[in-house]
Amino acid sequence: MSLLHIEDLDTYYGYVHALKGITLDVETGEIVTLIGANGAGKSTTLRAISGLIPIRGGSISFDGQPLNGVPAHKIVERGVSHAPEGRHIFGTLTVTENLNMGAYILGKDQDAITRNRERVFKLFPRLEERRRQLGGTLSGGEQQMLTIGRALMASPRLLLLDEPSLGLAPLLVRLIFDTIREINAAGVTVLLVEQNARAALKIAHRAYVMETGRITLAGDAAALLADERVRKAYLGEQ
Amino acid sequence: MNLSWLSRFRERPWLWQSGLILFAILLPLPLGDYYRTVAWRTVLYIMLGLSLNLIVGYAGLFQLGHAAFYALGAYTAAILNLQLGIPLFWTFPASILVAALFGFLITRPILHLRGDYLAIVTIAFGEVVRLALVNNIFGITGGANGLSGIARPRLLGLEFRQPIYHYYLVLFFLLITIFAMRRLENSRLGRAWLYVREDETAAEAMGINTTQVKLLAFVLGSGWAGLAGALYAARITVISPDLARFMESVVMFCIVVLGGTGSIPGVFIGALGMVTLPELFRPLKDWRDAWLGVTMVVMMIARPEGLWPSRRVQLELQESEAPHG
């Protein structure tokens, strides 16, 4: 059974029908990427999974348990962490404080918090160097590292990443994507939303292509990378 | 204005904290009854300010109807005392509970509102409470005249008649309040408030039950205001719907903002500016509303973080001015 199973999902923003019957699966241990243009509904899908917007039709289940109607804070407890788009770093808290915040659901379990923090520092040595610095004074790339690190602090089984490459220099994009692969190798399943289709398809096992609230293509990432339609529409090739 | 001497004090908290407590204990001794009453009022408003600071400062939510809960506490104490003959001190827990319960009932449906929308609705609810009291709801609030003849509280055979007793009574509760607030600031709940205040979406995504956390701020803050109301009823023995006036709520709000939102010492300074000074310059008291307006305008231009801000809020303001990148 899939770790995450979405069936015929419908959501609305006010009167706008944002997702029109999405069906997708993420298996344990995979990196799955959702690619597509602006406004296709990629971020909305992640927001629906983590309970930040209500589900209006269809179903989402995680590890066999339905997530419909489950509040966001309970979903985090079940093992789904969301690194939202736009980073949402706490600018007036230090790097360490930001990370501790990600471990909110661990409560007073200091051992687990320290262990997770060490793990994040190992993935992103840059964050350890800057652990006493305020989040707002970090560079864009460091903030992105912090966003991912913070999401990992809750020991998730499924990590939802929303546009981790947004606004980053190519070198940093590579660093971030290498780290995502490393996180995945350590046993965390990843659902990655990206506009940088090429970079995402290179590290993903499987991919879904979204257009205006629908999934239009699905398949192995390598196959999609070679697919003519994808190359034309999303990789900028003629 | 050079306030660098303030920061020197902040580095040695013990020094000024114990000094301040000693000062507060000795303060009324050389004073006459009038000034003892002024001191009592100041301490009471510090308590009210701290209770509102929980909502406005810690959780970052607007509450412009806080006086309603103050009035509910006072009315609960008065009604239990007058109707059932319960000694005033025994009504305090009920005052806290009733105010907290109303805080829950009133804010539960409006928690999803943000910023100025929340402010408008809290003003409206404050007025609803005041009008209910004026209209003698259930025939127990005494209408526009309010309630009088509340029996003075007694403790160990001692009747609380002199202003100085009441001063020490509120001071005692203020010390408990400050202790509790400092514990709350550093608790898990305190951190959750900080996260919600700074970025609600991120807080939600990190597994914080934002609804519950915000509700707790309102419930605790309202209950605390209820306690202050009961203390007021104990001292004055006559209460009226004026307690829930919008202007009362504004004064409480200004105490928090003037001193520095989220800052305990800030609330002290706010109460001195909003309550003590106008009382001491009583001949000019008619000008208080004007002074309030002018001060707020000047403050928002010159020192938006307040006179004695919390380090965190100061940073937040600096950050919101700096360009994001």
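Numbered from 1 within each chain, the chains take letters A, B, ... in sequence-line order.
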I'd like to check A:His88 versus B:Thr201 (side-chain heavy atoms, cut-off strictly below 4.5 Å). Are they in contact? yes

Under 4.5 Å, counting heavy-atom pairs only, tell me which of A:Arg150, A:His82, A:Glu77 racks up the most with chain B. A:Arg150

Let me confirm one number: the CZ-CZ distance from A:Phe90 to B:Arg197, rounded to the nearest 0.5 Å. 10.5 Å

For atom CZ of B:Phe102, is the number of surrounding heavy atoms from other residues, nucleotides or ligands below 6.0 Å larger than 12? no

May I ask you to check whether over 12 heavy atoms, not counting those of A:Lys20, lie within 6.0 Å of atom NZ? yes

Could you check if a side-chain atom of A:His73 sits within less than 4.5 angstrom of a side-chain atom of B:Ile208, using non-hydrogen atoms only? no

Of all the heavy-atom pairs spanning A:Gly91 and B:Glu198, show the shortest one and how long it is. N-OE1, 3.9 Å

Could you tell me which portion of A:Leu93 (side chain, backbone, both or neither) has an atom closer than 4.5 angstrom to a non-hydrogen atom of chain B? both

Quick one: closest heavy-atom pair of B:Tyr195 and A:Glu97, and the distance? OH-O, 4.2 Å

Geometric cation-pi criterion, B:Arg188 with A:Tyr104: 6.0 Å, 45°: yes

Flag the one option from A:Gly107, A:Ser50, A:Pro71 with the top tally of heavy-atom pairs under 4.5 Å to chain B. A:Gly107

Just how far is it from atom CG of B:Asp199 to atom OG1 of A:Thr92, taken to the nearest 0.5 Å? 11.0 Å

Does a sphere of radius 6.0 Å around OH in B:Tyr117 hold more than 12 heavy atoms from other residues, nucleotides or ligands, not counting ones at 6.0 Å or beyond? no

